[in-house]
Visitor: 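Right, I'll just put the structure down here and ask away after.
Within every chain, numbering begins at 1; the chains are lettered A, B, ... in the order of the sequence lines, protein sequences first and strands thereafter.
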Amino acid sequence: MEKEKLVLVDGSSIAFRAFFAMHNVLEKFKNPQGLHTNAIFAFDNMLDSILKKSQPSKMLVAFDAGKVTFRTKMYRDYKGNRPHTPGEFQEQLPYIKQLLAARGIQNYELANYEADDIIGTLARQGEAAGCQVTVVTGDRDLTQLVTDQVTVVVTIKGVSELEYYTPEHFQEKLGIKPQQLIDLKALMGDNSDNYPGVTKVGEKTGLKLLHQYGSLENLYAEIDGMKTSKLKEHLLEDEDQARLSQQLATIQCQAPIKVELADLTYQGDQTEELVEFYKEMNFQSKLNKLDISQEQLTSAPPVKYHELTTEQLEDWVATPTEQTVVIEMLNDDYHTEPIIGLAVGNEKEIWVSDQVELLANPQLKACLENPKTPKIVFDYKRTYVALYRHQIQLQGVKFDALLASYLLDVNDNSNDLGELAQSYNYYQLEPDRKFYGQGAKKKVPAASELKQHLANKVAALQFLAQELPPQLQEHDQDQLFEEIELPLALVLAQMEIAGIKVEQGTLQEMQQKLGVRLAELEQDIYRQAGHEFNLNSPQQLSQVLFEEMKLQPLKKTKRGYSTSVAVLEKLKNKAPIITDILNYRQVAKIQSTYVVGLLHSLAQDGKVHTRYQQTLTQTGRLSSVDPNLQNIPVRSEGREIRKSFVASEPDWQLFSSDYSQIELRILAHLSGDENMQQAFRENYDIHAHTAMRIFGLQDIKAVTPDMRRKAKATNFGIVYGISDYGLAQNIGISRTEAAEFIKSYFDQYPKVKLYLDQMVQQAREQGYVETIMHRRRYLPDIHAHNYNVRSFAERTAMNTPIQGSAADVIKIAMINMQEKLQEHQLKTRMLLQVHDELIFEAPTAEIAILEKLVPQVMDSAVQLDIPLKVESAYGLTWYDAKG
DNA sequence: ATCTTCACG
DNA sequence: ACGTACGTGAAGATT
C-alpha cells in the first residue's frame with residue numbers, strides 16, 4: 001500500500017510571505033467592502049501548488065496563537081524586535097482561515113505555543129504512524145525536523161520559489177545533521193527571533209565548532225581542552241545564553257495539542273462554500289478556474305430564450321422596442337471570422353439562432369438598420385463590421401457595454417462580457433475563455449449549449465445596460481461616451497473596412513533584395529565569428545561577443561548579457577563585426593516584421609485591414625493590430641516600406657496631416673504657463689526656444705544644434721514625467737547635469753512644474769487623474785511603499801493627462817472629419833490614425849480641398865488657450881505623403 | 001507563456 | 001540607497 005501523505009503548513013509564516021510577495025499590488029487587491037485581499041489570494045495560490053504537488057490525504061495549517069508563548073516566559077525579549085504587523089495584513093488572517101475551511105483543510109492554533117511546535121508534534125506523530133510528511137514554511141528553523149520521512153519545504157522568494165530539505169540536501173547545504181541545527185542556533189543566536197547565542201559567533205564559526213565537537217553538550221564538556229582564545233572566552237562567558245538559546249531554538253515536539261492525526265483528513269474543496277468565498281473576495285479568476293457548472297455558480301434559474309426562425313421574426317419585428325444584439329464569432333479578427341450565432345432580445349423575450357442565413361432576412365436587416373430602434377451591444381465596432389459583411393449596416397446603437405466599461409476603468413480590460421458581468425457580481429454568463437476553451441482546446445460546443453450561452457450574453461448585456469450608465473454619469477463621462485467613443489467606433493469601423501492598399505509587387509521586390517543582403521551580412525558575420533550560429537538568438541550572440549571574442553558586456557538582462565542597440569553602439573569601435581550585426585538586425589527587422597509580415601496580412605482585395613483596439617490603452621490612445629499600422633518605419637531605411645502603401649483607385653493619392661507638438665501644446669494649455677504659451681502663440685521653434693531659455697541665452701540664434709537636441713529631449717522628458725536618471729540616459733550626460741537641466745527648465749516654465757506637482761497630488765488625493773474630456777485613469781500604486789512602483793505611478797500621473805488629452809483631441813477631430821467629408825460630399829476616405837496623424841486617400845481633384853479642410857477640422861477640434869498646428873503632405877505613396 | 005529586441009507616436 | 005523615462009505590437013527564441 002502507498003504511504004499516507006501528511007502535509008503540515010506553517011500558516012503564520014506563509015501568510016506573511018504571501019502578503020509581502022504581493023505587496024506591490026496591495027491597493028489593487030481590495031474587495032468591494034474595502035478588505036485587502038492580496039495575502040489571501042497569494043496564500044490560495046500557494047495552496048493550489050502544494051495540493052497539486054503533494055496530493056495529501058491529510059493536511060493541517062498551523063497558526064501562532066499570539067505573542068505570548070512558553071518561549072516568551074523563558075526569555076522576555078523573544079521575538080521582541082519584530083516590527084508591528086501591518087493592519088492590512090492582520091485583517092486578512094481570519095479570511096485565510098475561512099478560505100482553509102472552504103478548501104476542506106483543517107487549521108489549528110494553540111495558546112502558549114507557536115505554529116512550529118504544532119507542526120513538530122504532528123510531524124513526529126505522523127512519522128510514527130508511517131506517513132510521508134511534508135512541512136511547508138517560510139522559516140528555515142523548521143528544517144531541524146527533517147528526517148527520511150519528513151521533508152521540509154522552505155519558500156525562498158515569494159511563495160512560488162521553493163527549496164526542498166531532505167536529509168541529503170540539508171547535509172549538502174550546511175554539512176551537519178538536521179538535529180544539529182538547534183545547537184547551531186544556540187551558538188549563533190537568531191536575529192529575527194531576537195535571541196543572542198554566543199558573542200562573535202555567527203554561522204561560519206558555529207558550523208566549525210559543531211564539526212569539531214558534534215554538539216553543544218559535547219563542546220562544553222570538552223571546553224577545558226580548547227586552547228586559549230577570544231572565542232573560548234566568549235563561549236565560557238556566554239554559556240548561559242547559549243543554553244537558553246538552545247532551548248528557544250528547540251521545536252517542542254510534544255505540545256499538548258488537542259487535534260489528532262485522524263482529524264486531519266483533507267476533505268477537498270467545499271464547492272458551495274468556496275464559490276461564496278471567492279465571490280465575497282472578488283476573485284474572478286479563481287471562480288473561473290473552478291471546475292463547476294453554471295448552475296453551481298449561480299442560484300438563479302437558466303436564462304429563457306426562443307429559437308429565432310423566419311416565422312418568429314414576424315412576431316419579433318412587430319414589437320419594435322429597444323433591442324439587445326449579440327453577433328457571435330469564435331476568434332478576434334472580425335474582418336474574416338465567420339459568424340457562428342446571433343441573439344436579439346428586448347425586455348420581454350430573447351431569441352437565439354445559430355443559423356447565420358437568417359441575416360439575409362429583409363425584416364431582420366430592416367430592424368438592425370433602423371436608426372429609430374435603439375440597440376444595446378457589446379463591442380459596437382466588432383458587431384458593425386461583422387454585420388457589414390452580411391450587407392447590413394447597423395444603426396441606432398445607443399449603448400456599448402464594452403466602451404462604457406473601458407471608460408469606467410481602463411485597468412480591467414479583459415474585453416470579455418462574462419468577466420465584465422462578474423465584476424458586477426452577475427454570474428449567469430461564463431467568460432468566453434471558459435466556455436469555448438483556450439489555445440488548442442478552443443472549439444464551438446454543441447448547438448444547444450451555444451444558444452444558451454448567447455441567450456446568457458443578451459441577459460448579461462441587459463443587466464449591464466442598467467448598471468453602467470449611472471456610473472458614467474457619476475464620472476462625468478456622458479459626453480466622452482456619447483459624443484466621442486460611441487461615434488468613434490463607427491468611424492473606426494469604416495476606416496478598417498476601407499483598408500489601405502498595399503502593392504504586393506513592391507514588397508516582393510524588397511523581399512528579394514533584402515534576402516540577398518541578409519545572406520551576405522550573415523556570411524560576413526559567421527566569417528568574423530569563426531563559425532555559424534543563430535544570429536537571431538541574443539543568447540548565442542552574446543556567447544560569441546562576450547565569451548568567444550571577449551568583448552566587454554555592458555548591461556545584464558534576466559537571462560544573460562544584453563545585446564541591444566544601446567550596448568552594441570558602444571562596442572562599435574571595438575570590433576568590425578558589431579557594425580555588421582547592427583546592420584543585420586535592422587535589415588532582418590524590416591524583412592521579417594514589415595515585408596513578410598505585411599505580405600501575410602494582405603487580404604484578397606489587395607488591401608490590409610487593421611483592427612483598432614479602442615478599449616485597450618491606459619491613456620485613451622488607440623492601438624492597431626493585425627497588422628499594426630501605427631509602427632511602420634519612418635526614421636531609417638525601413639521607410640522604404642511606405643512606398644508600398646498606395647491609394648486604392650487610379651488617379652487618387654494619399655494625403656496626410658499631423659498635429660505638430662500636440663502634447664507640448666496641451667501641456668502649455670493645461671499648465672497655463674505663460675512662457676510656454678507665448679512660445680506657441682508666437683509660433684517659435686519650441687525646442688530652440690526651450691534651449692535658449694534653459695541655457696540662458698539672449699537670442700534664439702545663439703542656440704547650437706546640440707543645445708536644441710538636449711532641449712528637445714528635456715521637453716520629451718517633461719511629457720513623460722521627468723526624472724534626472726531617465727534624461728541623463730537619454731542624452732548621455734551625467735545625472736547631476738540632467739538634474740540641473742530640469743531645475744533650470746522649471747525655473748523658466750514655473751507653472752509647468754506647478755501643474756505636474758498638482759497631478760501627482762491629485763492622484764494621491766482622489767486616486768485618479770483625468771484628461772480634458774474626463775477620461776480617467778486610476779493610479780492605486782501612487783501609495784505603494786516600493787519606491788520604484790510609486791515613482792512609476794507618479795510619472796504616469798504626470799503623463800496621462802497630457803497623452804490622454806491629445807488622444808481626446810484627435811478622436812474628436814476624426815469624428816468631425818468624417819462628418820465634413822460627408823457634408824461636402826467628398827469621395828475622400830479616412831484610412832489610418834497614427835496617434836497625432838490622419839491618413840486619407842483622395843481623388844487628386846480633392847487634394848486642394850483637403851489641404852484647407854483637414855487642418856481646419858483638426859485644429860478646431862477643441863478650443864485651447866493656445867493654437868494647435870497641423871501640417872500636411874500628399875503623394876502617390878505613404879512614403880511621399882510625409883513632410 | 002515569457003523574454004528580448006526593435007518598430008512607431 | 002534605491003534604479004526608470006510615457007504609450008503601444010510583432011517576431012523569434014527560449015522556457
Visitor: Let me know the distance between CG of A/Asn583 and C1' of B/dT5, rounded to the nearest Å.
Guide: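 It works out to 16 Å between those atoms.
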Visitor: Using whole Å, report how far CD of A/Gln729 lies from C1' of C/dC6.
Guide: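 It works out to 16 Å between those atoms.
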Visitor: Indicate, with a heavy-atom threshold strictly under 4.0 Å, whether A/Ala713 touches base, sugar-phosphate, or nothing.
Guide: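 Contact class for A/Ala713: base.
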Visitor: List the steps and the verdict of ring-ring contact (aromatic ring centres under 6.0 Å, His included) for A/Tyr745 and A/Phe741.
Guide: CA-CA 6 Å; A/Tyr745 190 101; A/Phe741 265 48; 9.7 Å; no
Visitor: Here's one to test your reading of the geometry: is the NZ or CZ of A/Arg639 within 45 degrees of the ring axis of A/Tyr879 and under 6.0 Å from its centre?
Guide: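 A/Arg639 over A/Tyr879 ring: yes.
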Visitor: Look at all strands and tell whether A/Asn536 reaches a base, only sugar-phosphate, or nothing, counting heavy atoms closer than 4.0 Å.
Guide: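 Sugar-phosphate only.
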Visitor: Please check if any side-chain donor atom of A/Thr771 sits under 3.5 Å from a side-chain acceptor atom of A/Ser805, or the reverse.
Guide: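 The criterion, which ignores hydrogens and geometry beyond distance, is not satisfied for A/Ser805 and A/Thr771.
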Visitor: Roughly, in whole Å, what's the span from OH in A/Tyr594 to P in C/dA10?
Guide: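 After rounding, the reported distance stands at 10 Å.
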Visitor: Residues of residues 830-840 of chain A with any non-hydrogen atom less than 4.0 angstrom from an atom of DNA chain B: list those, numerically ordered, please.
Guide: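 Result for residues 830-840 of chain A: A/Val834, A/His835, A/Asp836, sorted by number.
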Visitor: Ignoring backbone atoms, test whether A/Ser791 places a side-chain nitrogen or oxygen under 4.0 Å from the OP1 or OP2 oxygen of C/dT4.
Guide: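 No, because none of the side-chain N or O atoms of A/Ser791 sits under 4.0 Å from OP1 or OP2 of C/dT4.
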Visitor: Nearest-Å distance, CD1 (A/Ile666) to P (C/dC6)?
Guide: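 From A/Ile666 CD1 to C/dC6 P: 19 Å.
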Visitor: Can you find an N or O donor on one side and an acceptor on the other, under 3.5 Å apart, linking the side chain of A/Arg795 with the base of C/dT4?
Guide: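 It does, because a donor-acceptor pair links the side chain of A/Arg795 to the base of C/dT4 below 3.5 Å.
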Visitor: A/Leu664 has an atom CG; how far is it from atom P of B/dG9, in whole Å?
Guide: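 Taking atom P of B/dG9 as the reference, CG of A/Leu664 is at 15 Å.
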Visitor: For a quick check of understanding: with a heavy-atom distance under 4.0 Å over all strands, which category does A/Val565 fall into, base, sugar-phosphate or nothing?
Guide: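 Result for A/Val565 = sugar-phosphate.
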Visitor: Where the side chain of A/Pro538 is concerned, which of B/dC6, B/dC3, B/dT5 is the nearest nucleotide?
Guide: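 Closest nucleotide among those given: B/dT5.
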Visitor: When you get a sec, tell me which of C/dT14, B/dG9, B/dT5 is the closest nucleotide to the side chain of A/Lys882?
Guide: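 Looking only at heavy atoms from C-beta outward on A/Lys882, the closest nucleotide is B/dG9.
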Visitor: Strictly distance-based, threshold 3.5 Å: is any side-chain N or O of A/Arg776 a donor or acceptor partner for the main-chain N or O of A/Glu770?
Guide: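 No; zero donor-acceptor contacts below 3.5 Å.
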Visitor: To the nearest angstrom, how far is A/Lys556 atom NZ from C/dG3 atom C1'?
Guide: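 My rounded result for the distance is 16 Å.
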Visitor: For DNA chain C, produce a single dot-bracket line, 5' to 3'. Pairs: Watson-Crick or G-U wobble, both distances under 3.5 Å. Symbols: ( ) within strand, [ ] crossing, | other strand, . unpaired.
Guide: .....|||||||||.
Visitor: For A/Lys811 and A/Gly620, indicate whether the former's side chain and the latter's backbone hold a donor-acceptor pair under 3.5 Å.
Guide: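 Between the backbone of A/Gly620 and the side chain of A/Lys811 there is a qualifying donor-acceptor contact (under 3.5 Å).
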Visitor: Quick one: are A/Met814 and A/Met830 in side-chain contact, heavy atoms under 4.5 Å?
Guide: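 Yes - at least one pair of side-chain heavy atoms lies under 4.5 Å apart.
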Visitor: I want to check one thing: is the phosphate of B/dC3, taken as OP1 and OP2, less than 4.0 Å away from some side-chain N or O of A/Thr557?
Guide: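 False: A/Thr557 side-chain N/O out of range (4.0 Å or more) of B/dC3 OP1/OP2.
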Visitor: With a 4.0 Å limit, can you tell me whether A/Thr800 has a side-chain N or O closer than that to the phosphate oxygens OP1/OP2 of C/dG7?
Guide: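 No, because none of the side-chain N or O atoms of A/Thr800 sits under 4.0 Å from OP1 or OP2 of C/dG7.
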Visitor: Indicate the ring-plane relationship of A/Phe645 and A/Trp878, choosing parallel, tilted or perpendicular according to the 30° and 60° boundaries.
Guide: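 Aromatic pair A/Phe645/A/Trp878 classed perpendicular.
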Visitor: Can you tell me how far P in B/dT5 sits from the matching atom in C/dT4, rounded to whole Å?
Guide: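 Pairwise P distance, B/dT5 against C/dT4, rounds to 15 Å.
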Visitor: Do A/Arg777 and C/dG7 have a side chain to base donor-acceptor pair shorter than 3.5 Å?
Guide: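 Looking at the base of C/dG7, it does not pair with any donor or acceptor on the side chain of A/Arg777 (distance under 3.5 Å).
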Visitor: Could you check whether any side-chain N or O of A/Ser791 sits under 3.5 Å from a backbone N or O of A/Glu794, counting only pairs where one atom can act as donor and the other as acceptor?
Guide: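 Checking the backbone N and O of A/Glu794 against the side chain of A/Ser791, no donor-acceptor pair under 3.5 Å is found.
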Visitor: For DNA chain C, which residues of residues 804-816 of chain A approach it to below 4.0 angstrom with any heavy atom?
Guide: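 The stretch gives none, as no residue of it lies under 4.0 Å from the strand.
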Visitor: Working to the nearest 0.5 angstrom, can you tell me the gap between A/Thr714 OG1 and A/Lys712 NZ?
Guide: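 It comes to 12.0 Å.
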Visitor: Below the 4.0 Å mark, does B/dT4 have OP1 or OP2 next to a side-chain nitrogen or oxygen of A/Ser562?
Guide: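 No, no such contact exists.
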Visitor: Going by the salt bridge (Lys or Arg N to Asp or Glu O under 4.0 Å) test, which pairs reach into residues 726-747 of chain A, not counting sequence neighbours?
Guide: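 The answer is A/Asp724-A/Arg735, A/Lys743-A/Asp747.
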Visitor: Do A/Lys442 and A/Tyr436 meet the cation-pi criteria used here (NZ or CZ under 6.0 Å from the six-membered ring centre, within 45° of the axis)?
Guide: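 Output no; distance or angle outside limits.
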Visitor: Run A/Glu496 and A/Lys381 through salt bridge (Lys or Arg N to Asp or Glu O under 4.0 Å) and show every step you take.
Guide: CA-CA 10 Å; A/Glu496 292 178 13; A/Lys381 179 156 63 71; 2.8 Å; yes
Visitor: Rounded to whole Å, how long is the line connecting atom CD of A/Glu794 with atom P of C/dC2?
Guide: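 So the CD-P distance, A/Glu794 to C/dC2, works out to 19 Å.
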Visitor: What integer distance in Å separates A/Leu599:CG from C/dA10:P?
Guide: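 It works out to 16 Å between those atoms.
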Visitor: Between B/dC3 and A/Gln539, is there an OP1 or OP2 to side-chain N/O distance shorter than 4.0 Å?
Guide: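 Looking at the OP1 and OP2 atoms of B/dC3, neither is under 4.0 Å from any side-chain N or O of A/Gln539.
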Visitor: Applying the 5.5 Å / 30° rule, does A/Tyr787 stack onto the base of C/dC2?
Guide: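 Base of C/dC2: not stacked against A/Tyr787.
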Visitor: How is A/Asp658 classified with respect to the nucleic acid when contacts are heavy atoms under 4.0 Å: base, sugar-phosphate, or nothing?
Guide: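 Since no nucleic acid heavy atom lies under 4.0 Å of A/Asp658, the category is nothing.
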Visitor: On a whole-Å scale, what distance lies between the C1' atoms belonging to C/dC2 and B/dC6?
Guide: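 Straight-line distance between the two C1' atoms is 29 Å.
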Visitor: Evaluate A/Tyr406 against A/Glu485 for side-chain hydrogen bond (donor to acceptor under 3.5 Å, both in side chains), listing each step before the verdict.
Guide: CA-CA 10 Å; A/Tyr406 171 65; A/Glu485 296 303 340; over 6 Å; no
Visitor: Ignoring hydrogens and angles, state whether a donor on the side chain of A/Asp880 or A/Thr877 is under 3.5 Å from an acceptor on the partner side chain.
Guide: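 A pair is found: one side chain offers a donor N or O, the other an acceptor, under 3.5 Å apart.
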Visitor: For the side chain of A/Lys589 and the base of B/dC6, is some donor closer than 3.5 Å to an acceptor across the two?
Guide: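 Checked by distance alone, the answer is yes.
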Visitor: Of the candidate nucleotides B/dC8, C/dC6, C/dA10, which contains the atom at the shortest distance from the side chain of A/Phe792?
Guide: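 Shortest atom-to-atom distance from the side chain points to C/dC6.
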Visitor: So which of residues 609-637 of chain A are in contact with DNA chain B, with a heavy-atom cut-off of under 4.0 Å?
Guide: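 A/Arg621, A/Gln630, A/Asn631, A/Ile632, A/Pro633, A/Val634, A/Arg635 - these, ordered by number, are the residues of the stretch whose heavy atoms sit under 4.0 Å from the strand.
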Visitor: To the nearest 0.5 Å, what is the distance between CG (A/Asp332) and CD (A/Glu337)?
Guide: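 It is 8.0 Å, given to the nearest 0.5 Å.
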Visitor: Strictly by salt bridge (Lys or Arg N to Asp or Glu O under 4.0 Å), give each pair with a member in residues 831-840 of chain A just once, sequence neighbours left out.
Guide: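 Matches after skipping sequence neighbours: A/Glu837-A/Lys882.
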Visitor: Categorize A/Gly717 for me: base, sugar-phosphate, or nothing, with a 4.0 angstrom heavy-atom threshold over every strand shown.
Guide: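 Since a base atom lies under 4.0 Å of A/Gly717, the category is base.
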